[in-house]
Each structure stands twice: as C-alpha cells, then as structure tokens.
Engineer: 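The structure under discussion is supplied below as structure tokens; questions concerning it will follow.
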Amino acid sequence: MEMQEANQRSEVSPNQTIYINNLNEKVKLDELKKSLTAVFSQFGKILEVLAFKTLKHKGQAWVVFDNSASASTAIAKMNDFPFYDKNMRIQFAKTKSDVVSKADGRFVPREKRKRHEEKGGKKKKDQHHDSTQTGMAINSAYVGLYGAAPPLSQVPYLGGAKPNLPEAPAPPNNILFVQNLPHETAPMMLQNMFSQYLGFKEVRMIETKPGIAFVEFADEMQSTVAMQGLQGYKIQQNQMLITYAKK
DNA sequence: AGCACA
C-alpha cells in the first residue's frame, strides 16, 4: 500500500506534549509561562510548561499535559490563535518530555544520551533564569505559579493598546473574562451565545472598556463548559479569548 | 526559524 507516507512529512506522532512557536519573544519567561498556563489549562491538567530564552529556543515553549487527548484538543482549538499579537503555531512535540519519562520510569539522565553544554572554558551564564516551579504534577498549575513569584509589579507587557491576555492565570471561577471582542460587540450578541449553556446568568460589559466582557454562570463547572465550547469562537475578525475572571 | 528538560 502507498498510504503510509501521508502522515510522516512534517507530522509527529500524537503525544501529551505540545510544542509552540512563533511566540512573542518580548514577553518575559515568567509571564509567558503563566499566560500559557492560563490559556491551556482549560484542555486538561498541565504537568509542566517549559520555555527558554537562549537564542536557539526563544519564541518557543512546551506544554506538557497529563494525557495526549488534551494535547490534541489544545492543538485543534488553539493553533493559530492570537497571543501577544502573534499567532501561536502549535504541534505535537517531537520527543517525550522528561516529566513524562520520569512518570514512566523510563527516564534516562541527559548526560547519558547526549552531552552538550560542556564546551571548554567556564562561561558564566545565569543558571537560574526564572523557571517558575512548574515541575511536579500540579493539580492546578497556577498554584505553583502563584506560590513562587510575588504578584507582578513589572510593567504590563507590551506597549501596545490592546492587551489580549491576563498577566497570570486565574483559578476556576463561575465568572468568565472574555477578551479580544470587536469593539462594537453588543451585549445581546454575547448573551445569545452564552445563554445556550446551562447555568448562564448574565453578561456584563463596561462602556469605558470596549473589547471585553464578563459572563457569569451559576457555578464553575458550568462556566468551564461554556468556556470550552466558545473558546476561540470568531466574531468577525476576532477570535474570542476566554479565561476565568480573577476573584 | 529555531524541538527541551536551568
């Protein structure tokens, strides 16, 4: 048969880690990881988020889920999604993540399979560029993220006029925060979309802040279902970005 | 553009 070369061109076999590139390189690592966690935790439990600032790895990140179905859904829903003014490109990662191998019991220390990082001479590189403790199996990724770093204090993030992201993940909430709406979006339109989900209570918009809305549900299970159903939904040119509102 | 495990 000759149908076996179809899916091995630039494709990688499905697995529980997604590889993201075309990320905005101006965003600081710590914030980037938090925002990725905020956006991707709706697809399932996240074991780890990795990003590096070296030349070879800027603008890229790995998000490790605890199962590959979550990773598939994340790719389907979020590939090409606008994030810090650039569209994320998402694929399955090429190789298995260490956290996963460790859980498997198949982890082989890095020095064994590859030795890089040992060029002669001692270069003094910063050996702890804020990799927030996203290490262990966090039941909710934001716990580790929040626990580590003090709540910001640094400038927003881009000089731009249209923030389209929270600076940190919010825990599940019955109230949703909707961003990236066309400025002329009417509350009624959102109500029509969200009221098809069980538990819908109301839509709130603020005239002085166009482009965003708060949508309240009776409980967070119900708000989560609506979020998953409508995430990335396109209104005219804009893809809605839905996260949990901050408490 | 660039697939790692700080």
Side-chain angles (χ1 to χ4, degrees), chain A residues 7-37 39-41 43-68 70-76 78-139 141-150 154:
Chain A
N7 52 3
Q8 60 182 21
R9 188 106 300 195
S10 59
E11 293 301 320
V12 180
S13 57
N15 66 84
Q16 61 191 270
T17 302
I18 56 174
Y19 166 74
I20 308 169
N21 67 358
N22 198 43
L23 291 167
N24 190 323
E25 300 178 11
K26 287 178 282 190
V27 182
K28 292 183 303 302
L29 285 190
D30 184 52
E31 176 179 345
L32 180 70
K33 291 186 189 178
K34 287 178 182 174
S35 296
L36 287 170
T37 303
V39 168
F40 284 103
S41 50
F43 301 110
K45 178 147 115 181
I46 293 174
L47 301 184
E48 190 173 32
V49 175
L50 293 162
F52 311 91
K53 67 175 178 207
T54 55
L55 348 308
K56 190 159 177 244
H57 302 292
K58 286 198 292 187
Q60 299 153 75
W62 289 259
V63 175
V64 188
F65 289 97
D66 80 337
N67 72 87
S68 58
S70 295
S72 304
T73 312
I75 292 173
M78 303 303 282
N79 186 34
D80 214 37
F81 196 89
F83 188 76
Y84 290 107
D85 296 325
K86 300 190 66 172
N87 290 9
M88 292 190 276
R89 297 289 141 69
I90 318 178
Q91 305 154 56
F92 288 108
K94 281 182 183 161
T95 59
K96 201 200 258 185
S97 300
D98 284 358
V99 258
V100 177
S101 304
K102 282 171 182 162
D104 276 346
R106 296 190 150 75
F107 178 68
V108 180
R110 201 153 308 283
E111 300 74 31
K112 288 271 167 86
R113 39 185 175 181
K114 229 179 216 179
R115 22 66 163 287
H116 68 125
E117 194 73 31
E118 277 143 67
K119 313 298 175 72
K122 36 163 65 181
K123 306 177 74 174
K124 182 188 165 172
K125 347 189 292 191
D126 52 343
Q127 33 210 89
H128 50 262
H129 49 117
D130 60 19
S131 37
T132 13
Q133 319 297 67
T134 44
M136 67 259 47
I138 17 187
N139 38 16
Y142 54 82
V143 169
L145 290 166
Y146 269 144
Q154 290 155 320

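Lettering of chains follows the sequences in order, A, B, ..., and the numbering in each one begins at 1. All values below were derived from every heavy atom in this structure, side-chain atoms included, with hydrogens, water molecules and symmetry-related copies excluded. Owing to the predicted nature of the structure, the values given are computational and were not obtained by experimental measurement.
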Engineer: Choosing from dC3(B), dA1(B), dC5(B), which nucleotide comes nearest the side chain of Glu25(A)?
Structural biologist: dA1(B)
Engineer: Just verifying a value: how many Å separate Thr17(A) OG1 and Tyr19(A) OH, rounded to the nearest 0.5 Å?
Structural biologist: 13.5 Å
Engineer: Give the rounded distance in Å between these two atoms: NZ of Lys94(A) and P of dG2(B).
Structural biologist: 8 Å
Engineer: Taking atom P of dC3(B) as reference, at what distance in whole Å does atom CD1 of Ile75(A) sit?
Structural biologist: 16 Å
Engineer: Can you check whether Phe52(A) stacks with the dA4(B) base, using ring centres under 5.5 Å and planes within 30°?
Structural biologist: no
Engineer: Nearest of dA6(B), dC3(B), dA4(B) to any side-chain atom of Thr54(A)?
Structural biologist: dA6(B)
Engineer: In whole angstrom, give the distance that lies between atom CG of Asp98(A) and atom C1' of dA4(B).
Structural biologist: 8 Å
Engineer: Hey, mind stepping through Asp30(A) and Lys34(A) against salt bridge (Lys or Arg N to Asp or Glu O under 4.0 Å) and telling me if it holds?
Structural biologist: CA-CA 6 Å; Asp30(A) 184 52; Lys34(A) 287 178 182 174; 3.5 Å; yes
Engineer: Got Met78(A) and Ile18(A) here, is their nearest side-chain heavy-atom distance under 4.5 Å?
Structural biologist: no
Engineer: Between Asn79(A) (side chain only) and Ile90(A) (backbone N and O only), is there a donor and an acceptor less than 3.5 Å apart?
Structural biologist: yes
Engineer: Can you tell me how far P of dA1(B) sits from CG of Asn22(A), to the nearest Å?
Structural biologist: 8 Å
Engineer: Round to the nearest Å and state the distance from Leu23(A) atom CG to dA4(B) atom C1'.
Structural biologist: 14 Å
Engineer: Rounded to whole Å, please give me the gap between OH in Tyr19(A) and P in dC5(B).
Structural biologist: 13 Å
Engineer: Report the nucleotide, chosen from dA4(B), dC3(B), dC5(B), that has the shortest atom-to-atom distance to any side-chain atom of Gln60(A).
Structural biologist: dC3(B)
Engineer: Tell me whether the side-chain N or O atoms of Ser97(A) pair up with the base of dA4(B) as donor and acceptor below 3.5 Å, since no angle test is needed here.
Structural biologist: yes
Engineer: Can a side chain N or O of Lys56(A) be found less than 4.0 Å away from OP1 or OP2 on dG2(B)?
Structural biologist: no
Engineer: Rounded to whole Å, please give me the gap between CG in Leu50(A) and P in dG2(B).
Structural biologist: 20 Å
Engineer: Report the distance from atom CG of Asn24(A) to atom CD of Glu31(A), rounding to the nearest 0.5 Å.
Structural biologist: 9.5 Å
Engineer: Could you state the NZ-C1' distance from Lys33(A) to dA6(B), rounded to the nearest angstrom?
Structural biologist: 9 Å
